[in-house]
Amino acid sequence: MNIVEQTEQKIKDEIVEAVVKAELATEDQIPEVVLETPKEKAHGDYATNMAMQLARIAKKAPRQIADDIVANFDQSKASIKNIEIAGPGFINFFLDSTYLTELIPTILKDQQEYGKGNAGNGEKIQIEFVSANPTGTLHLGHARGAVFGDSLANIMEKAGYDVQREYYINDAGNQMNNLAKSVEARYMQALGQTDFEMPEDGYHGKDIVELGEKMAKEYGDKWANESEEARVEFCRQYGLDFLLDRIKKDLEDYRVPFDEWFSESSLYEEGKVQQALDYLKEQGYLYEKDGAVWFRTTDFNDDKDRVLIKKDGNYTYLTPDIAYHQNKFERGFDTLINVWGADHHGYIPRMKAAIEALGYNAKQLEISIIQMVNLIQGGEIVKMSKRTGKAVTMVELAEEVGLDAVRYFFVMRSNDTHLDFDMDLATSESNENPVYYVQYAHARICSMLRQAKEKGLEPSEDADLTLIQSEKEIDLLKRLGEFPQVIGDSAVKRTPHRVTQYIYDLASDLHSFYNAEKVINDDQLELSKARLALIEAVRITLSNAMKLIGVHAPEKM
RNA sequence: GUCCCAGUAGCUCAGCAGGAUAGAGCAACAGCCUUCUAAGCUGUGGGUCGGGAGUUCGAAUCUCUCCUGGGACACCA
């Protein structure tokens with residue numbers, strides 16, 4: 001806990017103490033203490049609504065209760081300067097802010113570690129995200145999910161969760177047959193058999209055409225002369241290898257690493273799918289109807305039952321997915337987070353039903369839904385890529401606006417609102433662009449530090465930090481102190497955009513401070529040293545926060 | 001028809017395990033560079049929190065209902 005968290009804890013403890021001493025309620029009657037930072041500075045540094053919450057229990061008017069609490073409150077415990085009662089019964093605490101300067105040595109010492117917390121308490125979490133079928137190139141929609149999942153993983157790790165990042169490779173099932181046939185067709189076409197037909201549900205994208213041409217160049221007509229079966233089989237592997245490699249590369253370029261690339265076909269090889277089916281059957285959740293095998297998901301709040309084995313004997317896509325999730329739990333995760341596109345939300349009830357049928361709690365599977373992205377250029381929605389006429393790819397987007405902007409914009413907004421991605425804004429080098437705004441704050445600090453160094457000044461915790469006391473400085477310190485709690489909150493609520501918002505706020509405080517106070521001042525050497533330590537603490541915090549969302553913190557702009 | 005997400009300032013969005021006068025950016029208007037990067041700062045104006053009802057000391061936040069926009073509703077993945 002940093003000094004801010006400690007102080008808040010002390011105040012909370014004291015409130016409970018005071019309530020008990022005033023005989024307003026017994027300790028186990030007291031609701032959880034809510035200590036908030038009021039929007040209005042006139043309402044103090046902290047406020048609690050305890051008096052209102054106790055009105056019913058103590059059977060007294062809130063303002064009377066507030067009086068009793070304050071009368072029994074030991075002000076000497078925290079750095080409290082003054083306590084006021086206001087409004088319907090709020091108790092407002094005014095603190096002597098000098099204690100906040102203790103944050104500076106803490107941050108300078110912690111460096112990259114600053115912000116770490118234990119909200120997650122070591123809970124084992126798996127985040128599965130992107131997991132696009134290896135039948136093509138990653139597109140715009142995948143990009144938001146990739147950035148969301150990666151940022152969330154970073155934040156949860158920082159908040160004390162034990163996080164594993166996983167990509168599920170759908171390398172079995174019908175879509176792979178389609179891919180194999182599509183590659184085959186494009187290969188044969190590349191060899192001159194222009195009338196070789198694409199499968200009905202084939203992948204008509206330009207990427208598969210290129211893939212066929214590449215194969216023709218590498219192998220000539222070798223596979224044209226093999227049996228169809230052998231040729232299709234080769235095409236399947238060739239296509240999969242190529243497309244998966246490209247997916248991996250695209251994600252790497254987006255600064256999105258994975259711990260595990262989990263293959264669907266490995267579930268079949270290890271008999272996991274059959275085992276899952278056997279298990280469900282033993283539990284009595286399966287039945288036959290119309291020649292198919294059904295799973296009674298309606299026992300678990302789904303609107304209708306689902307087919308697991310089709311009339312033709314093939315599995316539906318739900319079947320290996322059940323085995324997959326069973327396998328995830330067998331690997332020891334407490335909670336699974338799946339990041340899905342909005343078009344899959346209808347799939348949630350049946351997946352949760354499966355989790356329960358497998359003997360786990362539906363709450364152990366969380367689904368984060370990523371809403372649609374609209375690209376906006378020149379005030380209009382960009383429907384298709386100019387280059388290919390197809391959906392805009394992940395790579396194209398990053399080439400167009402820069403990766404920092406892409407990452408920032410994707411975690412700037414809540415994942416469950418539709419996102420209008422304004423490409424003109426993302427590329428504009430002006431104060432309208434929030435990416436530049438926050439990066440500029442970091443570069444500005446670095447610039448000051450460079451100039452100080454030329455004068456022989458380095459940030460150090462040995463500076464006289466009691467000189468830090470102007471309003472803008474205190475605002476900065478308060479903001480720095482919030483950081484671990486922002487991370488904890490963002491992690492617990494699975495809302496990475498809160499961190500982005502924090503970054504913006506901290507940058508804003510820094511710019512405001514910069515314009516109000518001079519850091520390097522030859523006439524006030526001691527103050528300069530103290531402020532250098534302060535801005536170094538800001539730099540460290542900014543840099544740590546930006547790293548969580550995968551945006552670079554430049555030293556110069 | 002059923003389900004999910006959204007509806008908050010002119011625009012894009014925060015806030016939604018109930019709290020004080022609903023916030024930020026952009027746009028508009030008025031200022032700030034002999035001073036560490038003006039990619040910055042300061043100030044002003046701007047709101048029936050989609051409509052209605054309910055729960056209570058108190059609702060943008062919880063419940064119900066209706067309206068609007070988007071998406072999903074396969075023995076496809």
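Just so we're clear, the structure is a prediction, and the values are computed from it rather than from any experiment. Numbered from 1 within each chain, the chains take letters A, B, ... in sequence-line order. The analysis underlying the following values was restricted to heavy atoms, covering all of them including side chains, and did not include hydrogens, waters or symmetry mates.
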Got a donor-acceptor pair under 3.5 Å from the side chain of A:Asp343 to the base of B:G71?
no
Separation of atom [atom1] in [X] from atom [atom2] in [N], rounded to whole Å:
X: A:Asp303; N: B:A74; atom1: CG; atom2: P; value: 10 Å
X: A:Arg63; N: B:A20; atom1: CZ; atom2: C1'; value: 11 Å
X: A:Lys352; N: B:C4; atom1: NZ; atom2: P; value: 13 Å
X: A:Asp290; N: B:C75; atom1: CG; atom2: C1'; value: 9 Å

Any side-chain heavy-atom pair of A:Leu506 and A:Leu480 under 4.5 Å
yes
Nearest-nucleotide wise, let me know which of A:His511 and A:Gln371 is further upstream toward the 5' end of RNA chain B.
A:Gln371
RNA chain B: 5'-proximal contact among A:Pro38 and A:Glu264 (nearest heavy atom)
A:Pro38
Mind checking which stems touch RNA chain B? I mean at least 3 consecutive Watson-Crick or G-U pairs, both distances under 3.5 Å.
B:1-7 with B:67-73, B:10-13 with B:23-26, B:28-32 with B:40-44, B:50-54 with B:62-66
Whole-angstrom distance between [N] and [M], as gauged at atom [atom1]:
N: B:G54; M: B:U61; atom1: P; answer: 14 Å
N: B:U8; M: B:A14; atom1: C1'; answer: 10 Å
N: B:G19; M: B:A60; atom1: P; answer: 10 Å
N: B:G69; M: B:A53; atom1: P; answer: 24 Å
N: B:G15; M: B:A72; atom1: C1'; answer: 28 Å

Go through the steps to decide whether A:Glu366 and A:Thr335 satisfy the test side-chain hydrogen bond (donor to acceptor under 3.5 Å, both in side chains), and finish with yes or no.
CA-CA 7 Å; A:Glu366 295 177 20; A:Thr335 299; 5.0 Å; no
Could you tell me whether [X] contacts a base, only the sugar-phosphate backbone, or nothing, with contacts defined as non-hydrogen atoms closer than 4.0 Å?
X: A:Asn49; answer: base
X: A:Ala292; answer: base
X: A:Asn92; answer: base
X: A:Ala47; answer: base

Would you please name every residue forming a ring-ring contact (aromatic ring centres under 6.0 Å, His included) with A:Phe409, sequence neighbours left out?
A:Phe421
Applying ring-ring contact (aromatic ring centres under 6.0 Å, His included), can you list everything that pairs with A:Phe93, at least two apart in sequence or on another chain?
A:Phe73
Could you check whether [Y] and [X] have their ring centres less than 6.0 Å apart?
X: A:His511; Y: A:Tyr437; answer: yes
X: A:Tyr46; Y: A:Phe94; answer: no
X: A:Phe262; Y: A:Tyr167; answer: no

Test item: A:Tyr514 side-chain N/O and A:Ile445 main-chain N/O as donor-acceptor pair under 3.5 Å:
no
Report all side-chain donor-acceptor pairs from residues 132-141 of chain A shorter than 3.5 Å, counting only partners two or more places apart or in another chain.
{"unit_1": "A:Thr137", "atom_1": "OG1", "unit_2": "A:Asp207", "atom_2": "OD2", "d": "2.7"}
{"unit_1": "A:Thr137", "atom_1": "OG1", "unit_2": "A:Arg246", "atom_2": "NH2", "d": "3.1"}
{"unit_1": "A:His139", "atom_1": "ND1", "unit_2": "A:Ala391", "atom_2": "O", "d": "3.3"}
{"unit_1": "A:His139", "atom_1": "ND1", "unit_2": "A:Val392", "atom_2": "O", "d": "3.4"}
{"unit_1": "A:His139", "atom_1": "NE2", "unit_2": "A:Thr137", "atom_2": "O", "d": "3.3"}

Could you write out each protein N or O paired with an N or O of nucleotides 10-18 of chain B at a distance under 3.5 Å?
{"unit_1": "B:C13", "atom_1": "OP1", "unit_2": "A:His418", "atom_2": "O", "d": "3.2"}
{"unit_1": "B:C13", "atom_1": "O2'", "unit_2": "A:Arg413", "atom_2": "NE", "d": "3.4"}
{"unit_1": "B:C13", "atom_1": "O2'", "unit_2": "A:Arg413", "atom_2": "NH1", "d": "2.5"}
{"unit_1": "B:A14", "atom_1": "OP1", "unit_2": "A:Ser414", "atom_2": "N", "d": "3.1"}
{"unit_1": "B:A14", "atom_1": "OP1", "unit_2": "A:Thr417", "atom_2": "OG1", "d": "3.2"}
{"unit_1": "B:A14", "atom_1": "O2'", "unit_2": "A:Gln501", "atom_2": "OE1", "d": "3.0"}
{"unit_1": "B:A14", "atom_1": "O2'", "unit_2": "A:Gln501", "atom_2": "NE2", "d": "3.2"}
{"unit_1": "B:G15", "atom_1": "OP1", "unit_2": "A:His497", "atom_2": "NE2", "d": "3.2"}

OP1 or OP2 of B:A24 sitting under 4.0 Å from any side-chain N/O of A:Ser508?
no
Evaluate the criterion side-chain hydrogen bond (donor to acceptor under 3.5 Å, both in side chains) for residue pair A:Asn338 and A:His325; output intermediate values, then yes/no.
CA-CA 10 Å; A:Asn338 288 2; A:His325 283 79; 2.9 Å; yes
side-chain hydrogen bond (donor to acceptor under 3.5 Å, both in side chains) for A:Thr298 and A:Asp305? Distances and angles first, verdict last.
CA-CA 6 Å; A:Thr298 47; A:Asp305 292 341; 2.6 Å; yes
Is the ring centre of A:Phe90 under 5.5 Å from the base ring centre of B:A20, and are the two planes under 30° apart, so that they stack?
yes
Can you tell whether the side chains of A:Lys478 and A:Asp509 come within less than 4.0 Å, N to carboxylate O?
no
Assign a letter to each nucleotide of nucleotides 29-36 of chain B from its 5' end: B, base within under 4.0 Å of a protein heavy atom; S, sugar-phosphate only; -, no contact.
------SB
